[in-house]
Every structure is written in C-alpha cells, then in structure tokens.
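In what follows, a single structure is set out as structure tokens and then discussed.
Chain letters run A, B, ... following the sequence lines, proteins first and then strands; every chain starts at 1. These figures come from a predicted structure and were not determined experimentally.
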There are 2 protein chains.
Amino acid sequence: MLQPPPAQPGMPEAAIDTPALLLDLDAFEANLDGMAALLAPTGTRLRAHAKTHKSPVIAHQQIARGAVGQCVQKVGEAEILAWGGVPDILVSNEVVGAAKLARFAALARIARVAICADDAAQVSAIEAAAEQAGRRLTVLVEIDVGAGRCGVAPGPDAVALAQRIAGSRNLIFGGLQAYHGSAQHLRRPEQRQAAITGAIDASRRTVEQLRQQGLDCPIVGGAGTGTFALESASGVYTEIQAGSYCFMDADYARNLDGAGAPVGTFRHALFVLASVMSMPRAGIAVVDAGLKALATDSGFPEIWGRPQLRYVGASDEHGKLECQAGDAPELGEKLRLVPGHCDPTVDRFDWYVGVRNGVVECLWPVAARGALN
Amino acid sequence: MLQPPPAQPGMPEAAIDTPALLLDLDAFEANLDGMAALLAPTGTRLRAHAKTHKSPVIAHQQIARGAVGQCVQKVGEAEILAWGGVPDILVSNEVVGAAKLARFAALARIARVAICADDAAQVSAIEAAAEQAGRRLTVLVEIDVGAGRCGVAPGPDAVALAQRIAGSRNLIFGGLQAYHGSAQHLRRPEQRQAAITGAIDASRRTVEQLRQQGLDCPIVGGAGTGTFALESASGVYTEIQAGSYCFMDADYARNLDGAGAPVGTFRHALFVLASVMSMPRAGIAVVDAGLKALATDSGFPEIWGRPQLRYVGASDEHGKLECQAGDAPELGEKLRLVPGHCDPTVDRFDWYVGVRNGVVECLWPVAARGALN
C-alpha cells in the first residue's frame, strides 16, 4: 500500500511527520548544476542513474540541465521512467526471463531504450523478444573493467558478443557498458586513478578492436560519483552514469582529494528526518529511524549539524544515539540524518519531501520504489 | 507506487518473476501450529509481532490459532491491522508527536488498542490525545530489562510512571512492556538463560512493587523467537511477542541448543526467490537480488538446498555467489535465498507469493510495507 505523505507543501520543516525522506532543494539543485558545469567542457554526456532517485521528476530536472537520458538497473524502473515521459533510457544491466524482456521490448514504442548483455544466451533471448514485439532493440555489451561483477572480458570476448548482436536483423549494437563500481568508494585519489586507468585502457582497447571489425560504439558508458572526472577526461567514455551526486551520502563524503580532505564537489541534499522518541537515560537518545528507514550497509548515518551526537546502533525501528554532555537532544526533537548509502535508503520511502528555507515546497513520489523486477 | 504481483495463483514456482518474496505455506503453517502448541500448556498468551509480517492476513491466521492479538511498532502498522479487522493491537513502542497520537486515538473506536511510554512527557501527550478523542486510552510502562534501548528502570521509576498513568481520568494503566531484544540472538542457551533470568527478575520485582501500590498488570509482555520458552515458563510474563517464528531467518537459525546444535523449533518458511542473471566467469554467479531485495544487517542470505553456493557480496541490485566446481547454477536458474534478517527483508516487498507443492497458491499484500510513521 502506498503510504500517505508525511507533510504538505507550505508546512514548516519542524511539522513534518517522521521518519521522512527530506530533500534540501537548494543543495540538490546546486548538485545538478554542478555536475552539468563540470561535464560541459569535456563533451561527455550525462546519463544519470535513476537507481539512485527512482523519480521521473528528478530525471526530467537532470535532462533539463543537459543529461541525455537516464540509466536504470531494472525493467520495472525503466517502465516508471518511460511512463513518466523520460525519452531515453538505458537498462545498464543484464535482464533474464522472457516476461521481463517482453516488458522491455514494449517500452521501445514509447521511448528510446537500450539494454546490456554479457552472454550469447541473453542476446538470443533479447532477439526473441524483439522479433515478438516487431521492434529492433539496442543492446550494449557489458565488459568487466575491474569491478569483478557482471560483464565479459574486454577484448576478443566482447568483440565476439558485439558481432553476435550486430549480426542479428532484430538487434542494434549500441556500444559498451564499462562501469567500474568498486572503484567509486576507494578513498584516496591515487587508488581511484589506478583503478579507472585500467578501466579506460580496457575500454579503449575494446573500442579499437571493435572498430577494426567495422563496429562503432555510439555509447561507451560508465563512471559514478566517485570517479566521473577521470572517465569524462578519458576521450573514450562518451557517457557518465553517476547517480548519487544529486543527493550525496555519508559514505561518498568520505572520499578524499589529493590533500587528504573530503572531495566536497557535491553537497548533502538528502536526509532522513527523525524524531527523538525516547531519552531513557543520560548519554543515550533513541530516534524513530532504524533499519527499515535507513540503509546501513555503508555505515550508520551521521547527524547533520550535530557532530557531538553519534548514531551507534540500529534495530528495525529504532536508532540509538550517544550524546555528549551538554549536547543531548530533547524528547520529540527532530534531527536530520545523513544516510550512509543513499540509493537503498531512498527505496525505503514513498515520498520525497522537498524543503527550502525551512518550509516544505513540494512532495514528489519515489515512483519506482520497490521496482525490483 | 504499488508494484504488480510477480506471480498468479496456479503458476508453477519456476514461473514466478524474480526477485519475489516466497512463503512456503506448509512450513509457515507448521510454525504457526508449533508456537500455539508450545504456548498452550504454559497459559501464556501469544501476541505475535506484526513488525515481522506486516499483514492482516497473517495476523488473522495467528489469531485463529489462539493468539490474543498483535503487536506493532508504528501507528501506521496499527492502522493497517485495525483497518484489516484485527481486533486487539498493542503498539509495543513509544510514539512521539500529537499527529501520530491523534491517529492512534482514532483507532480506539474500531479496535482494542494500547501503547507504551517511558517518560512522563509522553504520558501527558497520550492523555491530551485521549481527551481530544473522547476515549480512554490504555498505556503500558516500558521497562528496560537489559536491552539498553528504550524503557524506564524497573522498580520505583516504573511504579512512578504507572501511578502517573493510573491517576489520569483519560488513561488506563495496561501493565508492563518488558522486551529484552538483545537477548534474542545470543547463540548459546546459557547466555539466553542468563539474560532472560535478569529480565524475569526485574519484571517480577516491578510487578510486585506495583501490586503494593494497588496497581495490577493485565499485561506483562515481551519475549521473542529466541527466548520465548523462558518468558512463557516464568510465571510473570503473561504475553509473548514473538514475530520471526512464523518465517525464521538465517540469523535465528544460528541459535544453538544445549547440545550445540541449531535449536530447530521452527522451519524456514520465507525466501527471496532470485534468478541467476549473469555467469561472468568460472566460480562466480550473479543473482538479481541485492541490497534492495534483502536485508544484510544480520549477514548475507543462505542458498536453500545448495550448500556449495555461497552468497559473498551484495550491491544494490546484484548478489554475487561463489560456486564450487560441479555445483554451478545455470544462467536463468531460480534459487531460494534464506534472508539473514526476515523483518526488514519483508518490508522491501509489496507481495507475498504463497507456494505449496511447487505451485503458487495465493498472493497476499505486505499491507504495512513502508509504514514507518
């Protein structure tokens, strides 16, 4: 069941019911503008990742600032975007199952869509879906550029799969998916540089080998919030797939620059607003946001603007805070928590509550919340 | 947006779209029957915890087997149950905020409801909500019996708060909430025994001190799936609040008995059905269920019936499996994953898919999914 929104436009932030997924609109818009400004001189296109925000509203704001379209990981996410008028969507992932591929193919009638493969059997399944739907479908080859998750090996294996796609009358070879996920959170810039240098080299080599076989790559896509400056300067990557940059989270904020300081390119725009629901004894406060309201896979949240409060334990519906003497919150007080990991935190909520200058300005649905299929 | 169900009744399990939240109905019903049989001779009532299942359908099945009602942690969960005809609901938690308390008070017109407090300010707020709604509301005092989360200290502090409640013409003192959460997953029986002996002693002492002040405790509630046998044999606890027993998860299955073997009272009834979406290289398979489909706070899932497959890494939409030679799954193969932690895993889905003998028998909504407020 869709949950009722925890606020109404015009309400002061202090009146928002908790837990709530708060979007600081000034910071959010600054992040969108910042990415557009950074990518413009590189000539690299932004195809922002909607796995982070799951919202056609946000997708359209990214596109209005120059993004070429959106990435998603699931067909269900692609449906929500296409139904919400997003014109260009890449499923940056493998998809198995005839039912899902039929849904994907159906979207080709209302949006420009593409999908990835890393196995000839997947290509055959996409081909069958294309035949059935009477539409040519665009397929990218995913190559493993170092993340060790999905993807064929760069080079000859990738070329063979691309030739299989290009040789099908139902398919169009769309290029390479070359995302290095595990590089995004390497803390030191030289670590990220080393990892992405490898990804760039593998991509460049594969693009060249494809060209020798007469195959162009309209898209060479990858990069995230941690490394996009490297891929966008490579001359090989044509599209950047960053997602988290629009929100930032506590984990990305731990990435460092060459001077050992936080990179700081983007601002924290996403918060879980929580209330202190119990003050059971000195030094401890309990808030109403635990594991069901916050993803903790990348660490506990930080307490915005209250460095002396530490979130030290999460159970399903409770978060335990340690308080320094003199900075204890009050029972009922509302605190902004910066999630450890933004993507799965957003997926816990049905509504964004957009705030500016302390007032609720808008409600946006997390329209693809739970779109797992 | 509510997601479409991933299956239809009558379909074979192999045709279910993935990821899906699977309920093995035989195991589930055996768990419900098993708990009813274990509690019957003790005279202790079951008030099963709906934070686990979030479903009026399941609540009614528990009540049909003798449960006195349900617990919830959130007013939003209480609403879903009350609107679904559940007649007796305890919010086993503190609730702050006038808007939430007004919603709680409104439920008193369609169900028997109660709520907890651990602070006089909360009691005053509940009193105001009761006055406003024109209904007397039942309030339990939560005592900290060792978990170190919410709750006043047992003994005089609890008695003072109970007297504050009993002295209000708008409130009814309902008894004690005495849940020891951190004892539930202590692995060895002597550890659980030691923790719960402390909880029982603290509860008994507080009940006795209340009686000396002329205050009876209609409810002394607590206990979970890990320790309920101890509380139900105590002669002090009147209600057992176990939730996970109906599903079991991988973490609870690591609790041991006196012989060092898994306790084994309940069966795994809950699974996330996942598909192998990529077989990128020897020894590795990738499934389509990651952090957004599975709670990993209590460890990665186990692969049901396939002990040679290990889930070794989760990203947002991917799970990485290590495969022993000779037991690698096939691309597209569906696997049952046993979640590490059932409660927050259930909260990721909109639908239970009930299966029996390999066939989908029913779809039930996870009606209170996302009811965080």
Return the option, out of [options], with the maximum number of heavy-atom pairs under 4.5 Å with chain A.
options                      : value
B:His341, B:Arg281, B:Lys320 : B:Arg281
B:Asp347, B:Val286, B:Asp17  : B:Asp17
B:Leu291, B:Thr296, B:Asp157 : B:Leu291

Minimum heavy-atom distance B:Asp316-A:Lys51, with the two atoms named: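 Looking at all heavy atoms of both residues, the closest pair is OD2-NZ, 2.6 Å.
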Distance-minimising heavy-atom pair for B:Arg369 and A:Gln3: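 Minimum heavy-atom contact is O-NE2, 3.2 Å.
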What part of [X] is in contact with chain A, defined as an atom under 4.5 angstrom from a non-hydrogen atom: side chain, backbone, both or neither?
X        : result
B:Asp343 : both
B:Leu372 : both
B:Asn93  : side chain

pair B:Lys292-A:Lys54: side-chain heavy atoms closer than 4.5 Å: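 Yes, close enough: below the 4.5 Å cut-off.
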Residue pair B:Lys74 / A:Pro19, side-chain heavy-atom distance below 4.5 Å: yes
Residues B:Asp118 and A:Ser278: side-chain donor-acceptor under 3.5 angstrom: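 Judged by distance alone, the side chains do pair up.
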In terms of heavy-atom pairs under 4.5 Å with chain B, which of [options] leads?
options                                : result
A:Gln73, A:Arg149, A:Glu94             : A:Arg149
A:Asn373, A:Asp144, A:Asp119, A:Val276 : A:Asn373
A:Ala99, A:Ala20, A:Ala153, A:Gly148   : A:Gly148
A:Cys150, A:Ala121, A:Pro6, A:Gly97    : A:Cys150
A:Val152, A:Asp288, A:Ile284, A:Val95  : A:Asp288

Portion of A:Pro344 that has a non-hydrogen atom of chain B nearer than 4.5 angstrom: both
Portion of A:Glu333 that has a non-hydrogen atom of chain B nearer than 4.5 angstrom: neither
Working for side chain to side chain contact (heavy atoms under 4.5 Å, CB included), residues B:Met277 and A:Lys100: CA-CA 12 Å; B:Met277 54 178 281; A:Lys100 280 198 183 78; over 6 Å; no
Nearest-0.5 Å distance that lies between atom OG in A:Ser315 and atom CD in B:Gln184: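 Between atom OG of A:Ser315 and atom CD of B:Gln184 there are 12.0 Å.
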